[in-house]
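Comments concern the structure below.
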Amino acid sequence: MASIPAPFFSVSHIVWADTARAGTRDIAEEVPVALVYDASTEAVMMATPADLEDFAYGFSLTEGLISKPEDIRRLDIVPGPNGVEARMWLTPERGQLMTARRRSRTGPTGCGLCGLDSLEEVLRLRVPIGPSALQMTASDILNAVTSLETRQPLGEQTRAVHAAGFWSPGEGLVAVREDVGRHNALDKLAGTLARTGVRGDSGAIVLTSRVSVEMVQKAAAIGAPVLIAISAPTALALRTAEAAGLTVIAVARHNGFEVFTHPERIVLTESSTL
């Protein structure tokens, strides 16, 4: 019977540093993961074979396939010889909506912007950010970035995966997920937040990756009012974030950061807000 692979494996190789020597390195694993709803495959993603329950719930939520975790009646993670299937059984109402969605779609499923069949659908913002009282100081932002660096065991081991974390005032990082794919890491984070009852509007998402439009759309679906990333954003991501009401902080390092959209949530001093 097939089993889920480990998220990494060790390989022997040759190391060159002035002289050649034999060495070993831990390598991140990636496998095809099929997202299956009511016995029909919606998408196949290349992902790290860990936290797959979170991935299934998070992907379903951020892609708008379900509106709440309870829309999934049952979830089975089924490993096979060529990958892993996340088999989900939906409530009757949600299942009918999924069937209607499939009938109206002409394009094939795939990675990234999965199964979308028009440019209008690609650029549509699914969920704008609602009202939020969250405000962050410069110290909060720098602490969130620094804290994420210490909560990436697979990244430390392999140097080949992304991480997504959720920072909450007074609590710090309440959850972190890792994956070879930056979208997958964020989906896994979305899944664990939803399954543990953590409200998306109660904190900020912190990423090790760049900010693309898909990451903005997924952050908005989670409901987080602030998105922090160590790399730069794309122009389309910023336009989408501006329209969504999402604060984007990027190029966030130990010594500073850049605020691109909705700076009103950032408090730089005790007496002044941007």
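Numbering of residues begins at 1 and proceeds along the displayed sequence.
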Give a yes-or-no answer on whether the side chains of Thr91 and Glu93 include a donor-acceptor pair shorter than 3.5 Å. no
Under 6.0 Å from the CZ atom of Arg199, do we count more than 12 heavy atoms belonging to anything else shown? no
Is a donor on one side and an acceptor on the other found under 3.5 Å between the side chain of Thr150 and the backbone of Ser147? yes
Do Val206 and Leu142 land in one hydrophobic cluster if side-chain heavy atoms of ILVMFWY residues count as linked below 4.5 Å? yes
Arg177/Asp179 salt bridge by N-O under 4.0 Å criterion: no
Interatomic distance, CG@Asp71 vs OH@Tyr37, rounded to 0.5 Å, equals 11.0 Å
Could you tell me if the side chain of Leu65 sits less than 4.5 Å from the side chain of Arg101, heavy atoms only? yes
Identify the two heavy atoms, one from Ile4 and one from Pro79, that lie closest to each other, and give their separation to 0.1 Å. N-CB, 3.8 Å
side-chain hydrogen bond (donor to acceptor under 3.5 Å, both in side chains) filter on Ser139, not counting sequence neighbours, yields Asn143
To the nearest 0.5 Å, how far apart are CG in Leu61 and CG in Leu193? 10.0 Å
In terms of hydrophobic clusters joined by side-chain contacts under 4.5 Å, are Ile72 and Phe59 together? yes
Quick one, His254 and Glu149 - any side-chain contact, counting heavy atoms below 4.5 Å? yes
In short, salt bridge (Lys or Arg N to Asp or Glu O under 4.0 Å) pairs touching residues 249-259 with sequence neighbours left out are none
Shared hydrophobic cluster for Val176 and Val145 (ILVMFWY, side-chain gaps under 4.5 Å): yes
Could you check whether any side-chain heavy atom of Thr19 comes within less than 4.5 Å of a side-chain heavy atom of Arg21, counting everything from C-beta outward? no
side-chain contact (heavy atoms from CB on, under 4.5 Å) between Leu134 and Asp201: does it pass, once the steps are laid out? CA-CA 8 Å; Leu134 179 69; Asp201 60 2; over 6 Å; no
Do you see a donor-acceptor pair shorter than 3.5 Å between the side chains of Arg182 and Ser212? yes
Side-chain donor/acceptor of Ser168 to backbone N/O of Gly203, under 3.5 Å: no
Taking Glu156 first and then Arg159, would you say they form a salt bridge - that is, a charged N and a carboxylate O separated by under 4.0 Å? yes
For the side chain of Lys188 and the backbone of Ala50, is there at least one donor-acceptor N/O pair under 3.5 Å apart? yes
Could you walk me through whether Val84 and Leu52 pass the side-chain contact (heavy atoms from CB on, under 4.5 Å) check? CA-CA 9 Å; Val84 180; Leu52 293 181; 3.8 Å; yes
Which heavy atom of Phe55 sits nearest to which heavy atom of Leu35, and what is that distance? CE2-CD2, 4.1 Å
d(Asp51 CG, Thr192 OG1) to nearest 0.5 Å is 7.5 Å
Using a strict 4.0 Å threshold on nitrogen-to-oxygen distance, state whether Arg87 and Glu85 make a salt bridge. yes
Is any side-chain heavy atom of Glu63 closer than 4.5 Å to one of Glu42? no
Looking only at non-hydrogen atoms, find the nearest pair between Gly200 and Pro225 and report the distance. O-CD, 3.8 Å
Cluster question for you: counting only ILVMFWY and a side-chain heavy-atom cut-off of under 4.5 Å, with indirect links fine, are Val36 and Met45 together? no
Taking the side chain as everything from C-beta on, heavy atoms only, tell me whether Glu242 gets closer than 4.5 Å to His262. yes
Sidechain-backbone polar pair: Thr261 side chain, Leu246 backbone, donor-acceptor under 3.5 Å: yes
Leu207 reachable from Val251 in the ILVMFWY side-chain graph, under 4.5 Å edges: no
Check whether the side chains of Ser67 and Arg94 place a donor and an acceptor atom closer than 3.5 Å, and report yes or no. yes
Compare all side-chain heavy atoms of Met88 with those of Arg74 and state whether any distance is below 4.5 angstrom. no
So CZ of Phe9 and OG1 of Thr24: to nearest 0.5 Å the spacing works out to 12.5 Å
side-chain contact (heavy atoms from CB on, under 4.5 Å) evaluation trace for Phe8 with Thr48: CA-CA 9 Å; Phe8 69 93; Thr48 299; over 6 Å; no
Could you pull out the closest heavy-atom pair between Thr208 and Ala163, with the gap in Å? OG1-N, 2.9 Å
Under the 3.5 angstrom rule, does the side chain of Arg151 hit a backbone N or O of Leu173 as a donor-acceptor pair? yes
Euclidean distance, Asn184 CG relative to Asp54 CG, rounded to 0.5 Å: 12.5 Å
Find the distance between OG (Ser231) and CE (Met215) and round it off to the nearest 0.5 Å. 10.5 Å
Scanning both residues in full, the closest heavy-atom pair of Val180 with Ala28 reads CG1-CB, 4.0 Å
State, yes or no, whether a side-chain contact exists between Ile141 and Trp167 at a heavy-atom distance under 4.5 Å. no
Got a donor-acceptor contact below 3.5 angstrom from the Glu29 side chain to the Pro49 backbone? no
Report yes or no: does Glu178 contribute a side-chain atom to a donor-acceptor pair with the main-chain N or O of Leu154 at less than 3.5 Å? yes
Sidechain-backbone polar pair: Asp38 side chain, Leu90 backbone, donor-acceptor under 3.5 Å: yes
Over all heavy atoms of both residues, which pair between Val211 and Ala229 is shortest? Give the atoms and the distance, please. CG2-CB, 3.4 Å
With a 4.5 Å heavy-atom cut-off, do Ile228 and Phe257 have their side chains touching? no
Stepwise, does the side-chain contact (heavy atoms from CB on, under 4.5 Å) test hold for Thr62 with Gln217? CA-CA 8 Å; Thr62 65; Gln217 290 172 330; over 6 Å; no
